[in-house]
Every structure is written in C-alpha cells, then in structure tokens.
Amino acid sequence: SHPSYATLSEVESGLETLRGKPVAIEWGARDFCFDLKFLERWREIFPEARCHLHENAGHYVLEDASAQVIENIGGFFGGKA
C-alpha cells in the first residue's frame, strides 16, 4: 500500500536484465527502509555478486562506511577484493 510500491516493483523486474553482468552490492545492515529482506532478494537475483554487508551503516552506506565502500568498489573495478 506504500506509494513507492509500483516503482519498486518495476525496478525489481528490470534487475533481471542485468543478470550475468558483474555486480557489486554495498548494503547497510541498519537501513531503515531497505532492510535485510531486500538484500536477500538482491542476492537471489545476483548470486554471483560481490556483496558486502556493512553492519554499522544505514540507508546512506557511502556516508556511514565510506572508506570501506570506496576500497571495495575500487577492488571491484580493479579486479581485487
């Protein structure tokens, strides 16, 4: 019943088109909106993804865990981590 439901459903259906592409997931365990159930779904869609769960990060993962996220993304693009 949330106003964003239709948009989120559309985004989810489009994620399937990215299957097979390299994917990095940086997720905040304390996100008030996109909780761990959402992460589970992303992991179902992208089982080969490099996934990092940041225990002390919330919705704004890059702000809350910037050093680690930057290192992880650098490794992702550089073929490390």
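In this text the structure is predicted, and so the values were computed from the model without any measurement. Because only heavy atoms are used, hydrogens play no part in the values below, and waters and symmetry mates are left out as well, while side chains stay in. The residues of the chain are indexed from 1 along the displayed sequence.
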Trainee: Search all heavy atoms of Ala29 against all heavy atoms of Leu36 and return the closest pair with its distance.
Mentor: CA-CD2, 4.2 Å
Trainee: Between Leu8 and Ile45, is there a shared hydrophobic cluster once you connect ILVMFWY residues whose side-chain heavy atoms come closer than 4.5 Å?
Mentor: yes
Trainee: Check the hydrophobic clustering (I, L, V, M, F, W, Y; side-chain heavy atoms under 4.5 Å; chains of links allowed) and say if Val23 and Leu39 are grouped together.
Mentor: yes
Trainee: Work out which heavy atom in Leu15 is nearest to a heavy atom in Phe46; give both atom names and the distance.
Mentor: O-CZ, 3.5 Å
Trainee: Assigning hydrophobic clusters by single linkage (Ile, Leu, Val, Met, Phe, Trp, Tyr; side-chain heavy-atom cutoff under 4.5 Å), is Leu53 placed with Leu62?
Mentor: no
Trainee: So, for His52 and Asn72, which heavy atoms are closest and what is the spacing to 0.1 Å?
Mentor: CG-ND2, 3.2 Å
Trainee: Salt bridge or not between Lys37 and Glu40? Use side-chain N to carboxylate O under 4.0 Å.
Mentor: no
Trainee: Which atoms form the tightest heavy-atom contact between Asp64 and His59, and what is the distance?
Mentor: OD2-N, 4.5 Å
Trainee: Using a 6.0 Å cut-off, check whether atom CD of Glu16 has over 12 heavy atoms from anything other than its own residue.
Mentor: yes
Trainee: Hey, what do you get for CZ (Arg50) to CD (Glu26), rounding to the nearest 0.5 Å?
Mentor: 10.5 Å
Trainee: Output yes when a side-chain donor or acceptor of Trp27 lies under 3.5 Å from a complementary backbone atom of Phe34, and no otherwise.
Mentor: yes
Trainee: Is Phe77 reachable from Ile25 through a run of I, L, V, M, F, W or Y residues, each pair having side-chain heavy atoms under 4.5 Å apart?
Mentor: no
Trainee: Could you check whether Glu44 pairs with Arg19 (Lys NZ or Arg NE/NH1/NH2 to Asp/Glu carboxylate O, under 4.0 Å)?
Mentor: no
